[in-house]
There are 2 protein chains.
Amino acid sequence: MADDEVDPAPELDFWSFIELAGRRLREHGFGDGLATQVLLTLNRASDIVTYDLEAAVHRPRGRSWSAFRLLFVTWLAGPLEAKKAAELTGMSRAAVSALSKPLVAEGLLRRTPDERDRRAVLLSLTERGRREMAATFEAQRRRELEWTSVLTETEQRILVMLLDKLITDRHQFDVRGRR
Amino acid sequence: MADDEVDPAPELDFWSFIELAGRRLREHGFGDGLATQVLLTLNRASDIVTYDLEAAVHRPRGRSWSAFRLLFVTWLAGPLEAKKAAELTGMSRAAVSALSKPLVAEGLLRRTPDERDRRAVLLSLTERGRREMAATFEAQRRRELEWTSVLTETEQRILVMLLDKLITDRHQFDVRGRR
DNA sequence: GATAGTTGGTCAATGATTTGACTATTTCAC
DNA sequence: GTGAAATAGTCAAATCATTGACCAACTATC
C-alpha cells in the first residue's frame, strides 16, 4: 500500500520540515497549522540561542547555563531568598540549593541566614562574584548583540511585546505550571 | 526605615525582574539591555509553553515531551533515518536511539533496516502509532490554539517571521551548535 | 501560648540527556 | 580493488535537574 512511502525529502532540515509539517497537517484536516508553527519555531529559536550562549560564553569559563542564571539573578536582584532565586530562574528550590554549593565554595556567592525568617537563606554575590559577573555578562552581552542585530530595534520591541502577550494572558485557562 | 541595602522588592516576579534587570544594567553602563530582554523573554516564553504542553497533554498520556517530538517528526516526515530524526527534533542520535526502544516495544514505532545504507535504520510509525499520534496531536493542537489565540493571525505571522529572522541569519558568526 | 498546618531548604533517589568510545558499514583516493 | 577516513547507530559513563521525603521554623487559630 502506497501510504507508507512518503518521499524521502532530499534536503530536509528544520525549516523545510516546518513547511512539510504544515502541508501534512492540512492534508490530515488539522487546519492551517499556524499555531503549531508558532510554538515549534518558538522552541527551536530558544534552544538554538541558549545552546549557543552556553557553548560560546559559559562552558569555556567553566560555568553551566544554570549556574550563570543563578548568578545573574543574584547579581541584579540583590540579596534574595533561595526560594525567590528559584522562581526567577525557573528552577526548583533543590536545584538552587545544589548549584549554590560549589559557587559558595569558590567564593562567588554568599549565603547569609535571613534575620526575619530563620528558615530562609539570603543569597548575594561576593565582591569576587560581582567582578566575575561583570566580565561574564559583558561577554554574554556581546554575543546577545550579535544574535539580535539581525533585527531592528523596532522589530526587537515588537518581538518582546508579542512574547509578553503570549504568556501574560495565559490565565485564561487552567494554569498549573510551576511559575 | 532606611534600607541601605537593596530593597527586597516586595512583589518580585519574572516580569518585574526583567524591568529591574534593565534598570540595573543601565546603571552598570551596559546599554539599554534590549538584547538581553529579548533573549530572556524568548527563553522564558518557550519554557512556559513547553512545560504546559508536556504537563497538560503528554504526561497524562504517559509520554515525555521528547518521545512526543520523536513520534511527531516520524509521523509527518514519513520513514526517516534515525540521524535525520535527531536533527529535526534537536536531540542527539543517542537520545533517539534510547527513546525509540520503548516505543518500538509498545508497537508504535517501527525500525526497518535501510536498504541503501546498511548502517542506517529507518523509523516509521505503525498503524497503531499513527492512530495514537492523530489523537495526541488533536489534543496538543487544542492546547496550542488556547495559547496562540491571544494573538491575532497577523501577530502570529509576525512572530514567526521575527523568530525565523533571528535564527536564520546566524551564519554571520561562528556556528558550532549541533544543528 | 499550645498545636496544626504551612513553608524554606536539603538530601536521596530517579529520570533524562549528553559526550565519547566502539562496531559496522560506506565513501573516497589512489 | 585496497586502505584510510568518515558516518550511523549503540552502549557506558557522567552530568544535571526534578520529585518526594524530611527537618526546622514560622503562622494562624483556638
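Protein chains get the first letters and strands the later ones, always in sequence-line order, with residue 1 at the start of each.
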Q: Would you kindly give the CG-to-P distance between A:Leu99 and D:dT15, to the nearest whole Å?
A: 14 Å

(Q) It should be established whether A:Lys101 places a side-chain nitrogen or oxygen under 4.0 Å from OP1 or OP2 of nucleotide C:dC11. (A) yes

(Q) Rounded to whole Å, please give me the gap between CE in A:Met91 and P in C:dG9. (A) 13 Å

Q. Got A:Thr126 and A:Leu109 here, is their nearest side-chain heavy-atom distance under 4.5 Å?
A. no

Q. Among D:dT19, D:dG9, C:dA16, which nucleotide sits nearest the side chain of B:Arg59?
A. C:dA16

Q) In whole angstroms, how far is the P atom of D:dA17 from the CH2 atom of B:Trp65? A) 20 Å

Q: Whole angstrom is fine here: how far is it from CG in A:Leu70 over to P in D:dC16?
A: 14 Å

Q) So A:Lys165 and B:Leu151, side-chain contact (heavy atoms from CB on, under 4.5 Å) or not? Walk me through it. A) CA-CA 7 Å; A:Lys165 198 168 170 187; B:Leu151 302 180; 3.7 Å; yes

Q.
Heavy-atom nearest nucleotide on DNA chain C for B:Ala98 versus B:Arg93: which residue maps closer to 5'?
A. B:Ala98

Q: Using a 4.0 Å heavy-atom cut-off across all strands, classify B:Ala82 as base, sugar-phosphate, or nothing.
A: sugar-phosphate

Q: Could you tell me whether B:Arg118 contacts a base, only the sugar-phosphate backbone, or nothing, with contacts defined as non-hydrogen atoms closer than 4.0 Å?
A: sugar-phosphate

(Q) Which nucleotide wins on minimum distance to the side chain of B:Arg119, given the candidates D:dT10, C:dA24, D:dA25? (A) C:dA24

Q: Name the closest nucleotide to the A:Ser92 side chain, picking from D:dT18, C:dA16, C:dT17.
A: D:dT18

Q) How would you label the contact of B:Ser66 with the nucleic acid (heavy atoms, under 4.0 Å): base, sugar-phosphate, or nothing? A) sugar-phosphate

Q: Return the value, rounded to whole Å, for the distance between atom CG of B:Asp117 and atom C1' of C:dA24.
A: 10 Å

Q: Round to a whole Å and report the spacing from NZ of A:Lys83 to C1' of C:dT6.
A: 11 Å

Q: Figure out the CD/P separation between A:Glu81 and C:dT10, and round it to whole Å.
A: 12 Å

Q: Would you indicate what A:Arg69 reaches in the nucleic acid, counting non-hydrogen atoms under 4.0 angstrom: base, sugar-phosphate, or nothing?
A: nothing

Q) Taking NZ, NE, NH1 and NH2 as the nitrogens, is one of them in A:Arg142 or A:Glu138 under 4.0 Å from a carboxylate oxygen of the other? A) yes

Q) Base, sugar-phosphate alone, or nothing: which one does A:Ala120 contact when heavy atoms must sit under 4.0 Å apart? A) sugar-phosphate

Q: Report yes if some heavy atom in the side chain of B:Leu99 is under 4.5 Å from a heavy atom in the side chain of B:Ser64; otherwise report no.
A: yes

Q.
Tell me if the centroids of the rings in A:Tyr51 and A:Trp65 come within less than 6.0 Å of each other.
A. no

Q: Kindly point out which of C:dG8, D:dA17, C:dT17 is positioned nearest to the side chain of B:Ala95?
A: C:dT17

Q: Specify the separation, in whole Å, of atom CG of A:Asp114 and atom P of C:dT7.
A: 17 Å

